[in-house]
Amino acid sequence: MDCCESMVKYLMLLANLIFALAGIFLVGVGAYIEINAKTYLNFLADNYLNTPILIIILGVVIFVVAFFGCCGAWQESSCMIYTYAVFISLLLICEFGAAIAAFMLKGDLKDVMEKKFTEGLENFDKPGHEGVTNTWNAVQKDFECCGVTGPADWNTTIP
């Protein structure tokens with residue numbers, strides 16, 4: 001093996017090691033959101049509640065792809081390198097799809113959150129809506145703010 005091949009091998013190994021660590025980090029972030037920030041997810045619509053799970057799945061996929069890249073580079077296995085190339089190609093296609101979806105839905109999340117916050121504000125401290133009350137109290141305590149857009153929002157809700 002000459003110098004350039006050796007350098008490519010170690011650069012590929014290093015790059016994939018960084019991606020593997022990023023995948024592990026995403027799994028940790030998704031787990032943290034699922035465990036600790038579950039209270040805040042009460043305000044969101046059902047289609048946004050699976051976001052932490054999707055982050056965990058993304059982290060696992062990135063880790064697996066990086067693992068194939070690391071092992072393929074280290075062992076100089078053409079089968080693993082081809083598998084790695086197929087995974088990377090599929091991820092690239094998925095990234096294009098995700099970018100298009102994010103662009104098309106970028107204003108949707110803000111509107112959904114404002115609507116759900118307003119609905120929660122209207123149900124604050126009402127019987128049968130203890131979860132909303134607890135979520136509002138946690139949000140206001142943690143972020144040291146109140147209302148959907150400001151304190152004036154409470155004037156229309158509290159008698």
For [X] and [Y], work out which heavy atoms get closest and say how close.
X	Y	value
G30	P52	O-CB, 3.6 Å
A20	A66	N-CB, 3.5 Å
L13	A73	N-CB, 4.3 Å

Answer with yes or no whether the hydrophobic clustering places [X] together with [Y]; edges join I, L, V, M, F, W, Y residues whose side-chain heavy atoms lie under 4.5 Å apart.
X	Y	value
V61	M80	yes
M7	L14	no
I88	F67	no
I93	F96	no

Stepwise side-chain contact (heavy atoms from CB on, under 4.5 Å) test for Y10 and W74: CA-CA 8 Å; Y10 288 114; W74 186 258; 4.0 Å; yes
Given side chains that start at C-beta, do those of [X] and [Y] come closer than 4.5 Å, heavy atoms only?
X	Y	value
I55	E34	no
V60	V27	yes
L21	F25	no
V65	Y84	yes
I24	F63	yes
I62	L58	yes
L90	V86	yes

Would you sort out whether I57 and I53 count as a side-chain contact (heavy atoms from CB on, under 4.5 Å), showing the intermediate values? CA-CA 6 Å; I57 292 170; I53 302 299; 4.0 Å; yes
Spacing of M12 atom CE and E76 atom CD [to the nearest 0.5 Å]: 11.0 Å
